Asker: 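Take a look at the following structure, please.
Worth knowing before you read on, the calculation uses all heavy atoms, side chains too, and leaves out hydrogens, waters and symmetry mates. Since we're looking at a predicted model, the values are computed, not measured.
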Amino acid sequence: MTFAELRALYDLPLYDLISRGRAAYLQHWQGGEMQLCTLLSIKTGGCSEDCGYCAQSARYQTGVKAEKLMETDAVLAAAQRAKENGSTRFCMGAAWKGVRDGDAKFEQVLGTIREVSKLGMEVCVTLGQLGETEAHKLKQAGVTAYNHNLDTSPEHYANIVTTHTFEDRLNTIRHVQHAGMDVCCGGIIGMGESIDDRLRLLEVLTNFSPAPESVPINCLMPQAGTPLHGQPPVDIFELVRLIAVTRIAIPRAKVRLSAGRTLLTREGQALCFFAGANSIFYGDKLLTAENPGVDEDRALLDELGLVPQPPRPERSAAACAESCVA
Ligand code: SAM
Ligand code: DTB
Ligand code: SF4
């Protein structure tokens, strides 16, 4: 879609826009199903990069300590708990600039993925930059989706990060696509960007081929010690509008209401779900930041009459070993 088309949608009267978001959702998805994803930080803190929102950058005094890469057994136990709790997707994140073939840590992560992928969940990782070889090895090990956010518009990117570029992010995404993994790619709002910046990011996403399988929309979790701490919170109607436009523009994608739900009311979240969000992170913690508790989320889903999305066997690691089509 063009920027002008996205902007025209965004500027519709709110109820017209969310009605169109809801209609686009119902064309492609079972009404009432919410995908539950569990996040685990398998390597926390000490990151070389200077992303201005991130508590895990070694450049800022945030109180997040650098930890070692988690052992396979501990990750596997967390994945098993996530499955028992009803999550159908397990996403492992590492505070790295990227990974390199031949590196012992990368080998360890591949071993962990091989084990986690036997549980039958969708397996997602977010490890930073990848080359072609690394992407193929991740796919072979059982990764079904790779999360690599563009985070903001090409124009605003350098105001937020200087240690890598928007183009670097796109290159990794191309490697992920060529290796046949699903692309999970979205952004963060509330980083001082304009509405146009948010829609320019969406314009880039709508031009991906194939379309992203998931689009996480994060609201900035203000992290003490980072340059972006102190940004004003995101306006709920701006968030709802962006979700609806994303749903209309990329109707088959999971639109994930990601970081920042602790900053939203229940009513605000309900409006986001109506506008087209159909996936959440489920569990008390994101990577380092708070997430609503499992009991609170279960209660919210119950009150709204939403049910966890059943596993999609066709997207499990085993089924995706050869190829996964959207
Ligand atoms: N290091 C890898 C990378 O940057 O791609 C993977 C981990 S990184 C923490 C994954 C994503 O988390 C970021 O791209 C960003 O979208 C999101 N994120 C990090 N800190 C955040 C914050 N304070 N608020 C909202 N989203 C955040
Ligand atoms: C995504 O888009 N959001 C998640 C996941 N992908 C890796 C991460 C959110 C991180 C929030 C801040 C933190 O926990 O440190
Ligand atoms: Fe490092 Fe990722 Fe945080 Fe950037 S977002 S500082 S690359 S962990």
Asker: What is the minimum heavy-atom distance between Y282 and N291, and which atoms define it?
Answerer: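 It is N-ND2, 4.0 Å.
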Asker: Do R7 and E203 sit within salt-bridge range, that is, some charged N less than 4.0 Å from a carboxylate O?
Answerer: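 A salt bridge is absent here (no side-chain N lies under 4.0 Å from a carboxylate O).
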Asker: Please check if L150 and I243 belong to a single hydrophobic cluster, counting links between Ile, Leu, Val, Met, Phe, Trp and Tyr side chain heavy atoms closer than 4.5 Å.
Answerer: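 Yes; I243 is reachable from L150 via cluster members.
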Asker: Should L40 and L286 be regarded as members of a common hydrophobic cluster, given that ILVMFWY residues are connected when their side-chain heavy atoms come within less than 4.5 Å of each other, either directly or indirectly?
Answerer: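 No; L286 is not reachable from L40 via cluster members.
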Asker: For the atom pair CG (L12) and CZ (R20), what is the distance rounded to the nearest 0.5 Å?
Answerer: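 With rounding to 0.5 Å, CG (L12) is 6.0 Å from CZ (R20).
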Asker: Do L257 and V255 share a hydrophobic cluster, counting only Ile, Leu, Val, Met, Phe, Trp and Tyr and linking them when any side-chain heavy atoms are less than 4.5 Å apart?
Answerer: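 Yes, same cluster.
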Asker: For Q30, is the CD atom crowded, meaning more than 12 foreign heavy atoms sit under 6.0 Å from it?
Answerer: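 No, CD of Q30 has 12 or fewer neighbouring heavy atoms, counting only those of other groups under 6.0 Å.
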Asker: Indicate the atoms forming the closest heavy-atom contact of G52 with T226, along with that distance.
Answerer: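 Closest heavy-atom pair between G52 and T226: O-CB, 3.3 Å.
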Asker: Taking all non-hydrogen atoms of both residues into account, name the closest pair between M121 and S87 and its distance.
Answerer: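 Heavy atoms of M121 and S87 come nearest at SD-O, 3.6 Å.
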Asker: Please round to the nearest 0.5 Å and tell me the distance separating atom NE2 of H175 and atom NE2 of H136.
Answerer: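 Between H175 NE2 and H136 NE2, I get 9.5 Å after rounding to 0.5 Å.
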Asker: Indicate whether any N or O donor in one side chain lies under 3.5 Å from an N or O acceptor in the other, for Y53 and D151.
Answerer: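 Present: a donor and an acceptor within the cut-off.
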Asker: Which pair of heavy atoms, one from P216 and one from N149, lies closest together, and at what distance?
Answerer: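 Nearest pair, atom of P216 first, then N149: CG-OD1, 3.4 Å.
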Asker: Taking F281 as the starting point, is it possible to reach V234 by hopping between hydrophobic residues whose side chains are less than 4.5 Å apart?
Answerer: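 Per the 4.5 Å side-chain linkage, V234 and F281 are not co-clustered.
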Asker: Of the options I189, D196, I195, which is the one that meets E193 in a side-chain contact (heavy atoms from CB on, under 4.5 Å)?
Answerer: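 Option passing the side-chain contact (heavy atoms from CB on, under 4.5 Å) with E193: I189.
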Asker: Any cation-pi pair here, R100 with F106, using under 6.0 Å and within 45°?
Answerer: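 No, R100 and F106 do not form such a contact.
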Asker: Counting distance only, does the side-chain N/O of R198 pair as donor-acceptor with the main-chain N or O of L239 below 3.5 Å?
Answerer: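 No, because the side chain of R198 does not come within donor-acceptor range (under 3.5 Å) of the backbone of L239.
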Asker: How far apart are the closest heavy atoms of G187 and L201, and which atoms are they?
Answerer: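 Closest approach of G187 to L201, heavy atoms only: CA-CD2, 3.8 Å.
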Asker: Only counting residues at least two apart or in another chain, list the ones meeting ring-ring contact (aromatic ring centres under 6.0 Å, His included) with F208.
Answerer: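 Testing F208 for ring-ring contact (aromatic ring centres under 6.0 Å, His included), a comparison that skips the adjacent residues, returns none.
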Asker: Would R200 and D197 pass as an ion pair if we require N to O under 4.0 Å?
Answerer: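 D197 and R200: salt-bridged.
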Asker: Can you classify the ring geometry of W29 versus Y25 as parallel (below 30°), tilted (30 to 60°) or perpendicular (above 60°)?
Answerer: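 Taking Y25 first and then W29, their aromatic rings lie parallel (interplane angle under 30°).
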Asker: Looking at every heavy atom in both Q177 and P210, which two are closest together, and how far apart are they?
Answerer: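 In terms of heavy atoms, the two residues are closest at NE2-O, 3.6 Å.
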Asker: Are side-chain N/O atoms of H164 and E49 paired as donor and acceptor at under 3.5 Å?
Answerer: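 Yes, because at least one side-chain N or O of H164 sits under 3.5 Å from a partner of the opposite role on E49.
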Asker: Give a yes or no on this: more than 12 heavy atoms of other residues, nucleotides or ligands lie within 6.0 Å of atom NZ of K105.
Answerer: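 Count not over threshold, so no.
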Asker: Would you say C91 and T126 make side-chain contact, with heavy atoms under 4.5 Å?
Answerer: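 Yes, at least one pair of side-chain atoms sits under 4.5 Å.
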Asker: Can you tell me how far the CD1 atom of I280 sits from the CG atom of L301, to the nearest 0.5 Å?
Answerer: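 Output value for this atom pair is 5.0 Å.
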